[in-house]
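Following: one structure in structure tokens, then a few remarks.
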Amino acid sequence: MKILLIGSGGRETALAWKLSQSSRLDQLFIAPGNAGTAEYGNNIKIESNNLNALKEFALKEKIDLTVVGPEIPLSAGIVDIFKSNGLKIFGPVKKAAQLESSKIFSKNLLKKYKIPTAEYESFKDPERAKDYIKSVTLPLVVKADGLAAGKGVTVAMSEEEALSAVERIMVDKKFGKAGSKIVIEDYLEGEEATILAFCDGKNIKTMPAAQDHKAAYDGGKGPNTGGMGAYAPAPIVSEDVELKIKETIIEPTLRALNTEGIDFKGIIYFGLMISDDGARVLEYNVRFGDPEAQVILPLLETDLVDIMEAVIKGELAQIEIEWKDKKALCVVMASGGYPVEYETGKEITGIKEVERDKDSIVFQAGTRFEKAKLLTAGGRVLAVTALGNSFEEVISKAYAGVGKINFNDLYYRNDIGHKALE
Ligand code: AMP
Ligand code: GLY
């Protein structure tokens, strides 16, 4: 099979790594990829939002399967375009991708089908949003309706913070059209976890629960990032908790989509807040999480291409998905100053030394090759994933790997996985 993978982050490197192990694969193309994906296939110089060029490439190369990593092409309708050109592609159609591309759409769906989530109001007028903030108790969470790369959410502890979030999103238009509407919701306490699931429109099968570390600094402090590290399976999602989540959130979401006439084929990402009185949905995404994919894919035994084909054909019920009975943890190494301001172009060394250990993998993200040198090219530069039998083991192995990698002004969190030890 000829497979085209779209995207360029650590998630896509993990996907390329897993796809490259498939017995079904003959040739892998990655558009645009990074220096790490080039180890598993051919990088193609087409950006992931250039839908027309991607379609032309897939037609010309007679691609048998396209796999979409990021949300932007999904919400722009890449799956609809490929399908109408007779091309096989893994991911939800545009209508289904609204679960992620519009917070108002997903909150309305949650409310209509009584799926647990924070109480909320939506606004298209900033003055009404501000009046609302002045009339309720804090803390509150202010969210841009559209896609904002994880940066459109403000957890406001004070009225001032909430008002300035409205100003930033709706008046200064920091996220452009994505902020023309907002959701303001109640603040939820608890511990966060991510459950990813394959969905073929009729059946849904969950992956091991993961925990991301969204804040930039140790102890969950500082600005939100795309994610600074992750581990799986997350102990907070015990068997009992998972069963409850399936009954109250996962199955009801599939029923809601069916009732709404939405044929969801792909991955549903359930961002959850778990507390003593149950789990609530913080957000849906319609793709693998990053960095979550970097700990989940290394635990997957089954051939990913077989699963993706089963999803596309609506035959997910017939496939047995097997997982390794291991722990996985990854630590993201970022450019100093990420997620705000950072420099790129620094030489990276040490990756080969880390990969001498058979249970350690380096997934590159913001990297590029120039004149035979590997250079940093983004905020999240790479991540070290370790596999092992306990969280103690994978924490020490991942950080041993981190210690071997070097580039100027690097930054990482020191407390990835500490919650799993509690
Ligand atoms: P979202 O993109 O909606 O998942 O929000 C990003 C992050 O903001 C989440 O991962 C949480 O850490 C935080 N967050 C979002 N909604 C809430 C909420 N209602 N209560 C507390 N924290 C929240
Ligand atoms: N790690 C969070 C996300 O991928 O949205």
Side-chain angles (χ1 to χ4, degrees), residues 7 9-12 14-15 68-72 74-75 97 99-107 110 116-122 136-157 161-162 165 169 175 178-179 182-196 207 209-216 219-232 234 267-275 279-297 330 332 334 339 363 365 379-380 383 413 416 419:
R11 163 183 52 213
E12 285 74 23
L15 280 164
V68 189
E71 61 276 19
I72 290 177
L74 291 170
S75 65
L99 270 192
E100 174 164 3
S101 63
S102 168
K103 299 233 185 245
I104 295 178
F105 173 86
S106 60
K107 292 297 288 190
L110 287 159
T117 191
E119 295 291 327
Y120 71 102
E121 294 288 338
S122 54
V136 293
T137 50
L138 288 126
L140 277 179
V141 185
V142 181
K143 301 184 176 185
D145 175 51
L147 296 178
K151 290 157 195 123
V153 174
T154 302
V155 176
M157 292 296 160
E161 274 178 278
I169 299 171
F175 308 106
I182 58 167
V183 167
I184 300 182
E185 66 179 38
D186 290 355
Y187 173 78
L188 299 175
E189 306 248 15
E191 197 172 323
E192 280 183 61
T194 303
I195 295 188
L196 291 163
M207 309 183 205
Q211 205 160 42
D212 186 9
H213 297 65
K214 283 205 171 109
K221 301 214 165 60
N224 259 0
T225 68
M228 294 301 294
Y231 60 84
I267 287 164
I268 307 185
Y269 170 123
F270 298 84
L272 306 168
M273 186 68 91
I274 298 169
S275 67
R280 290 185 173 77
V281 176
L282 289 177
E283 64 165 343
Y284 291 115
N285 293 324
V286 298
R287 48 164 177 88
F288 274 108
D290 191 358
E292 290 92 330
Q294 301 183 54
V295 290
I296 289 171
L297 290 168
C330 82
V332 170
F363 291 125
R380 289 190 290 179
R413 269 180 69 164
I416 304 301
K419 273 204 182 126

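What you see below is based on every heavy atom in this structure, not just the backbone, and it leaves out hydrogens, waters and symmetry mates. All residue numbers in this chain count up from 1 along the given sequence. Note that ligands are numbered from 1 as they come in the structure, with each ligand's atoms numbered from 1 the same way.
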Discussion item. Assess the residue pair Leu110 and Tyr120 against the criterion (side chain to side chain contact (heavy atoms under 4.5 Å, CB included)); give the C-alpha distance rounded to whole Å, side-chain angles, the decisive distance to 0.1 Å, and a yes or no.
Written reply: CA-CA 11 Å; Leu110 287 159; Tyr120 71 102; over 6 Å; no
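- Here the shortest heavy-atom distance to atom 13 (C) of ligand 1, taken over Val141, Val155, Thr154, Val142, belongs to Val155.
- Annotation: side chain of Ile267 is in contact with side chain of Met207 (closest heavy-atom distance under 4.5 Å).
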Could you go through the side chain to side chain contact (heavy atoms under 4.5 Å, CB included) check for Glu292 and Tyr269 one step at a time? CA-CA 10 Å; Glu292 290 92 330; Tyr269 170 123; 2.8 Å; yes
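- Listed by chain and residue number, the protein contacts of ligand 2 are Asp212, Lys214, Gly226, Tyr269, Asn285, Arg287, Gly289, Asp290, Pro291, Glu292 (heavy atom within 4.0 angstrom).
- Contact between Asp212 and ligand 1 is absent, with no heavy atom of the residue lying under 4.0 Å from the ligand.
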When you look at Lys107 and Lys143, which way does the side chain to side chain contact (heavy atoms under 4.5 Å, CB included) test go after all the steps?
-> CA-CA 11 Å; Lys107 292 297 288 190; Lys143 301 184 176 185; 5.8 Å; no
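- Residue Leu188 approaches ligand 1 through these ligand atoms, each under 4.0 Å from one of its heavy atoms: 18 (C), 19 (N), 20 (N), 21 (C).
- Considering only non-hydrogen atoms, atom 9 (C) of ligand 1 lies nearest to Glu192 out of Glu192, Glu185, Arg280, Glu119.
- Contact annotation: for Glu189 versus ligand 1, there are no heavy atoms closer than 4.0 Å.
- Proximity to Lys143 (heavy-atom distance under 4.0 Å) selects the following atoms of ligand 1: 3 (O), 15 (C), 16 (N).
- The environment of Leu282 atom CG is dense: over 12 non-hydrogen atoms of other residues, nucleotides or ligands sit within 6.0 angstrom.
- Nearest protein neighbour of atom 17 (C) of ligand 1, counting heavy atoms only, is Leu282 CD2, 3.4 Å.
- Remark: Tyr284 engages Phe270 in a ring-ring contact (aromatic ring centres under 6.0 Å, His included) (not counting sequence neighbours).
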Can Arg380 and Asp290 be said to form a side chain to side chain contact (heavy atoms under 4.5 Å, CB included), step by step? CA-CA 10 Å; Arg380 289 190 290 179; Asp290 191 358; 3.9 Å; yes
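- Checked against salt bridge (charged side-chain N to carboxylate O under 4.0 Å, His left out), Glu71 has the following partners two or more places apart in sequence or in another chain: Arg287.
- Taking the side chain as every heavy atom from C-beta outward, Thr154 and Val141 never approach each other to under 4.5 Å.
- Listed by number with element, the atoms of ligand 1 under 4.0 angstrom from any heavy atom of Lys214 are 10 (O).
- Atom numbering of ligand 1 starts at 1 in the shown order; those under 4.0 Å from a heavy atom of Lys103 are 1 (P), 2 (O), 3 (O).
- The N/O atoms of Met273, backbone and side chain alike, include none that comes under 3.5 Å of an N/O atom in ligand 1.
- Here the shortest heavy-atom distance to atom 8 (O) of ligand 1, taken over Thr194, Val153, Asn285, belongs to Val153.
- Remark: Glu12 pairs with no residue by the side-chain hydrogen bond (donor to acceptor under 3.5 Å, both in side chains) rule, at least two apart or across chains.
- Proximity of His213 to Pro291: side-chain heavy atoms (C-beta onward) are nowhere separated by under 4.5 Å.
- Between Tyr187 and ligand 1, no N or O atom pair is found at a separation short of 3.5 Å.
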